[in-house]
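Everything on this sheet refers to the single structure shown next.
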Amino acid sequence: MQPQPEQYTFDFHKETAEIFAESHDELKIKLGEFAGPLDLLLYLIRQEQANIFDIPIAKITDEYLTYIRMMKRLDIAVAAEFLVMAAQLIEIKSRMLLPHDPAAVEDEDIDDPRKELVDRLLEYEKFKAAAEMLYEKTTIEQAVFARGKIESDDNNAEISATVFDLLSVFEKILSRHKEEVKMEIHREEISLADMIRNLKKRILEVGELSVIDFFAELHSRRELVTAFVAVLEIVRTEGVKLVQRKTFGDIILKKVQEQSG
Amino acid sequence: MAETAEAKEHRDIAELSRAVEALIFVADEPISTKTLAEVLEEDREMIASVVEELASSYEERNGGLQVREIAGGWQISTRTECHEDVRKFLKTRPSAKLSLASLETLAVIAYKQPVTVPEILEIRGVQSASAIKTLLEKRLIITKGHKETVGRPMQYGTSKEFLIHFGLKDLSDLPSIEDFEDLISS
Amino acid sequence: MAETAEAKEHRDIAELSRAVEALIFVADEPISTKTLAEVLEEDREMIASVVEELASSYEERNGGLQVREIAGGWQISTRTECHEDVRKFLKTRPSAKLSLASLETLAVIAYKQPVTVPEILEIRGVQSASAIKTLLEKRLIITKGHKETVGRPMQYGTSKEFLIHFGLKDLSDLPSIEDFEDLISS
């Protein structure tokens, strides 16, 4: 119940959440987020300088709920796990208020409604400390550099792969494939009649047209088939002939010169 | 006769040391004593002692480089003292740090591997999906097959890149999780 | 006073030499005296003498590496005497590495097996002939008999080595899209 502004800082290498309290019910978050409900709980317990084996559950629950409410007010999405923990805290709090069963006095430790939570917090705290250790190690490693690329690396421009890579690559191929299929369906609308008209116009414009060039403009197999049929059709019905200047050379579609006939 | 043999042996070790140094240099990943022994067709113990000797000669020389054991192999790298100059030259900043959520998830995976998503959730008390995705993408963790329980959940473990990234020789190089318990309770 | 100044200068040169060595080591290309001088904010003549000194110390040490002047810059490289061992090693580098084309082809084969070359072409949209050859050579895939259709094309599937390389117990252990669904949607 301090009326003065107070400042809480939480220093995990300035990477994680901090809560600034300007007045008792006007909390402000600074930097990041808590990594989870257990992270937040540990923070609140530390702030109260409470013994983890004897958590002042009513007080901590109130503070926890204040934090959640504040997040909501700031439009920060509150992960479902935070709400689940809130419910658990309220439940523990209410069980703590129940009168003690005098018959169970000897089993007090086991019956402590907080016990399960304390176990989880202790387990979690170990890994949090391990995370901090990893953080320190990676900081040291960032000061060490491997050699620059040398010529021999070029001979081995390969990547190593994991099962995750295998699956993501497969996913990518499938989506790439889907796009192609979509494109093909889109182009299907080019009819044989359009293709013939198109082709005829091109030949009349320039006098002759390379089949290879014309086919190269096409994308889908269906278009190629339509174009192929169109070529046959135009040779059969219009004054156009096929010319090949050398064996295996390009085939030219040539307008038949009327005066030469 | 004995002297000649000795002289020959001395020359051989120097030669071997040269070859070892050259191979560690060209390898683009830490190179194991085993691979070195195979390529050089030499006894593994012999190679091991040559590498140790090489590493300590770098140490004595106190230059800009070091030979160090990492991720089950040997690597030549710059010394930490030179990091400012190197960074300035490479124009790099310390690479993007992992978020707290990713680090926590990685710590759980490192110590509990092989471990499933629900098991990580149990310890962290929060979903770790996006952290796991990040760690997979950064290749710090790899899948370790399905667990033979209901739903056959995927199991995860740490990768070789994990060891390299955190400067660890192998997993046993990690402090034990119980050490943290003592740290917390003290 | 004079002695202290001298001591300081000596320490500085050692430090400079360390930095120069580290920079030459991390540079992708031969690094010029000019660049070194700029990065280290030092006099060019000073750097030139430090580099020369470093090069001759490598010479004296007679190890597996040399500092040499090439293409207007300085570079660390292996000594020519070691070329046979180096070449041998580069040839035997872990065969477990794959190009992206091979990886794609392998992914298609793994998830669609048994599968023929035309079917792979259909899925990847690119010819996979050389990738298939590589995968066969690396023993990651094997032939699975002919498909009883027109032309009786050869079918391919993954091998036992594939399972070993990717740490899978059997093919059912291959992750499915569902396994990562939670991760990907997040």
Side-chain angles (χ1 to χ4, degrees), chain A residues 12-13 15-17 32-41 52-53 79-82 84-85 88 117 120-153 156 158 160-168, chain B residues 25-26 28-29 65-66 68 75-84 86-87 90 92 94-95 97-108 110-112 121-128 136-137 139 141-143 145 159-160 164-168 174-175 177-181 183-185:
Chain A
F12 176 49
H13 299 268
E15 281 291 296
T16 46
E33 284 168 30
F34 287 101
L38 295 170
D39 194 20
L40 172 57
L41 264 182
I52 197 160
F53 295 100
E81 295 90 351
F82 281 89
V84 171
M85 178 58 75
Q88 278 170 8
L117 181 63
R120 282 191 75 189
L121 281 170
L122 288 173
E123 180 74 357
Y124 169 73
E125 200 172 24
K126 278 192 285 181
F127 290 96
K128 197 171 165 53
E132 188 169 356
M133 175 274 299
L134 288 178
Y135 176 86
E136 273 156 14
K137 279 199 183 295
T138 188
T139 309
I140 295 167
E141 275 314 293
Q142 274 167 356
V144 174
F145 296 84
R147 68 153 164 78
K149 220 171 97 173
I150 55 174
E151 213 179 301
S152 78
D153 294 347
N156 199 28
E158 294 175 320
S160 59
T162 64
V163 171
F164 182 67
D165 296 325
L166 209 58
L167 183 80
S168 2
Chain B
F25 176 76
V26 294
D28 47 12
E29 284 189 346
L65 306 178
Q66 56 181 333
R68 58 175 195 157
Q75 186 192 51
I76 300 179
S77 69
T78 61
R79 233 172 249 282
T80 48
E81 293 95 299
C82 307
H83 79 104
E84 276 177 36
V86 172
R87 200 160 280 156
L90 295 175
T92 60
S95 59
K97 284 172 186 149
L98 292 168
S99 70
L100 181 61
S102 300
L103 266 179
E104 275 190 23
T105 307
L106 188 57
V108 174
Y111 282 99
K112 290 279 184 179
L121 169 65
E122 180 64 31
I123 293 172
R124 289 195 59 222
V126 66
Q127 292 289 348
S128 310
L136 278 169
E137 281 165 0
R139 291 161 173 265
I141 60 167
I142 47 172
T143 58
S159 65
K160 193 172 171 182
I164 294 174
H165 192 87
F166 290 94
L168 300 165
L174 278 174
I177 196 75
E178 279 70 37
D179 291 344
F180 294 115
E181 204 163 4
L183 203 77
I184 292 158
S185 55

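Below, each value reflects all heavy atoms present in this structure, side chains not excepted, and no hydrogens, waters or symmetry copies. Each chain gets a letter, A, B and so on, in the order the sequences are listed, and its residues count up from 1.
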Heavy-atom check, side chain of B/L106 versus side chain of A/L134, under 4.5 Å = yes

Just wondering, do B/L100 and A/K128 contact through their side chains at under 4.5 Å, heavy atoms?
-> yes

From CG (B/L174) to NZ (A/K137), nearest 0.5 Å = 7.5 Å

Taking every heavy atom of B/V108 against every heavy atom of A/F127, the minimum-distance pair comes out as CA-CD2, 3.7 Å

Within the distance-only criterion (no hydrogens, no angle test), does the side chain of B/R124 pair as donor or acceptor with the backbone N or O of A/L38 below 3.5 angstrom?
-> no

Polar side-chain atom of B/Q75 near backbone of A/A146 as donor-acceptor pair, under 3.5 Å = no

Of all the heavy-atom pairs spanning B/T78 and A/A143, show the shortest one and how long it is.
-> OG1-O, 4.2 Å

Selection from B/R68, B/R79, B/E84 maximising heavy-atom pairs under 4.5 Å formed with chain A = B/R68

B/L136 versus chain A, heavy atoms under 4.5 Å apart: side chain, backbone, both or neither?
-> both

Heaviest contributor of heavy-atom pairs below 4.5 Å to chain A, chosen from B/E81, B/E137, B/K112, is B/K112

What part of B/T143 is in contact with chain A, defined as an atom under 4.5 angstrom from a non-hydrogen atom: side chain, backbone, both or neither?
-> side chain

All heavy atoms of A/A130 vs all of B/I177, minimum pair found to be CB-CD1, 4.2 Å

Test: A/R147 cationic atom under 6.0 Å from B/F25 six-membered ring centre, within 45° of axis = yes

Greatest number of heavy atom pairs closer than 4.5 Å to chain A - which of B/E104, B/E122, B/Q66 = B/E104

For the residue pair B/I164 and A/E141, what are the closest heavy atoms and their distance?
-> O-OE1, 3.7 Å

Considering all heavy atoms of both residues, which atom of A/M133 and which atom of B/Y111 are nearest to each other, and what is their separation?
-> CE-OH, 3.5 Å

Does the side chain of A/F145 reach to within under 4.5 Å of the side chain of B/R87, using non-hydrogen atoms?
-> yes

